[in-house]
Number of protein chains: 2
Amino acid sequence: MPHEEAAAGLDRVDQRYTRGRRALVEVLAGADRPLTVPEILAASGSAVPQSSAYRSLTVLIDAGVVRRVTGTDDMGRFELAEHLRGHHHHLHCVSCGTVADVQAVPRLERALAAAAELAAEETGFAVMEHRIDLVGHCSGCR
Amino acid sequence: MPHEEAAAGLDRVDQRYTRGRRALVEVLAGADRPLTVPEILAASGSAVPQSSAYRSLTVLIDAGVVRRVTGTDDMGRFELAEHLRGHHHHLHCVSCGTVADVQAVPRLERALAAAAELAAEETGFAVMEHRIDLVGHCSGCR
DNA sequence: CTTCCTGCAAAAGTTTTGCATTAAC
DNA sequence: GTTAATGCAAAACTTTTGCAGGAAG
């Protein structure tokens, strides 16, 4: 259970670990892929109203507990942050929009880190993280 | 001018290259980064109404002329397809949401292509394209 | 107790759709 | 001339916000 980490993260930004926020973390911890807000609401059994979900997700992102992922459509998808979930990348399905998790490949990670640094130098961009996404058709949509 | 390519692409999917669609292609051809729909509308001087812009962009994507990019926020951003614009990647600014283009690095591209193939084998995903995005703060937001 | 979070409802913003008109071929 | 794209207006959908009530520390 990632509750300790979540509590610690919230504490860092002077936020409380309330019942609603705990429910959100629990839903995300039980998912094997990033979830949309409608999916989160359904999974929590209407224990969390929309507005609180959006507000709490924003807070959790701020606390470094949750990460927002954008797919091929423009619908917010949410997952636990890397230190709670492990480093991985995403497969985006162009037909149904679903995002699936995929394990990171160490060799690729090293190459990427180097390239990101290079790109940062060239552009004056302060790089915080990199993303590699593979886009295509998931097994269900083929 | 990418008009010939656009016309050809539309022809392939039995679509007409109309005045409105030409205007959209022209706006995107003149941009150095992916644009949101509001930005596109502003740039075209209200020559294209919202609904037509969305409808035409969908058609142009279908024709392989335009590509949709998703940033850190959930707002659609559009740019010309790779064969009209050249291969490149994106820098996403987490504070203002702007997406800037960045030239691709050949060495990295090779590593990525190999990794994408590997990931495809492991997951049963039919990979169509890969994306590398760097996320951070742009020079204006630092 | 005091402060912050929640919940409802309504607003704001982007994207989609129906239908009559207009333009493309 | 026929078919398909457009333009307007209004709907649908996700996300944001105001404000009174309730929970957390």
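Just the heavy atoms: all of them, side chains too, but no hydrogens, waters or symmetry mates, feed the values below. Lettering of chains follows the sequences in order, A, B, ..., and the numbering in each one begins at 1.
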Fill in: B:Ser51 vs D:dT6: side-chain N/O to OP1/OP2 distance below 4.0 Å
no
Response to the item:
In this structure, CG of B:Leu28 is separated from CD1 of B:Ile40 (nearest 0.5 Å) by 5.0 Å
Discussion item. What is the distance, to the nearest angstrom, from the CZ atom on A:Arg68 to the P atom on D:dT14?
Written reply: 13 Å
Practice prompt. Using atom CD of B:Gln15 as one end and atom P of D:dT3 as the other, report the distance to the nearest whole Å.
Written response: 16 Å
Discussion item. What is the distance, to the nearest angstrom, from the CZ atom on B:Arg19 to the P atom on D:dA4?
Written reply: 20 Å
Discussion item. Over all strands shown, is A:Ser52 touching base, sugar-phosphate only, or nothing at heavy-atom distances under 4.0 angstrom?
Written reply: base
Worksheet item: Within less than 4.0 Å of OP1 or OP2 of C:dA23, is there a side-chain N or O belonging to B:Arg21?
Response: no
Worksheet item: How far does CE of B:Met75 sit from CD of B:Glu39, to the nearest 0.5 angstrom?
Response: 7.5 Å
Practice prompt. Tell me whether the OP1 or OP2 atom of C:dT15 has a side-chain N or O from B:Arg55 closer than 4.0 Å.
Written response: no
Discussion item. Distance check needed: C:dT6 P versus A:Gln50 CD, whole Å only.
Written reply: 15 Å
Discussion item. Between A:Ser52 and A:Val48 (side chain of the first, backbone of the second, donor and acceptor by atom type, cut-off under 3.5 Å), is there such a pair?
Written reply: no
Fill in: B:Glu39 CD to C:dG13 C1', straight-line distance once rounded to whole Å
15 Å
Worksheet item: Nearest to the side chain of B:Pro49, which nucleotide is it out of D:dC8, C:dC4, D:dA5?
Response: D:dC8
Item to complete: Please determine if B:Arg33 and B:Asp101 form a salt bridge, counting it only when a charged side-chain N lies under 4.0 Å from a carboxylate O.
Response: no
Response to the item:
Ranking A:Arg16 and B:Pro38 by the position along DNA chain C of their nearest nucleotide, the one closer to 5' is A:Arg16
Practice prompt. To the nearest Å, give me how far apart CG (B:Leu10) and C1' (D:dT6) are.
Written response: 15 Å
Worksheet item: Atom CG of B:Leu57 to atom P of D:dA5: distance rounded to whole Å?
Response: 15 Å
Discussion item. It should be established whether B:Ser56 places a side-chain nitrogen or oxygen under 4.0 Å from OP1 or OP2 of nucleotide D:dA5.
Written reply: no
Worksheet item: In whole angstroms, how far is the C1' atom of C:dA24 from the CG atom of B:Asp14?
Response: 14 Å
Worksheet item: Counting side-chain heavy atoms from C-beta on, which of D:dT16, D:dA9, C:dT6 comes nearest to A:Tyr54?
Response: D:dT16
Worksheet, complete the sentence: With the side chain defined as heavy atoms from C-beta on, A:Val37 is closest, among D:dA4, D:dT15, C:dC4, to D:dT15
Discussion item. Is the positively charged end of B:Arg67 above the ring of B:Phe78, judged by distance under 6.0 angstrom from the centroid and angle within 45° of the axis?
Written reply: no
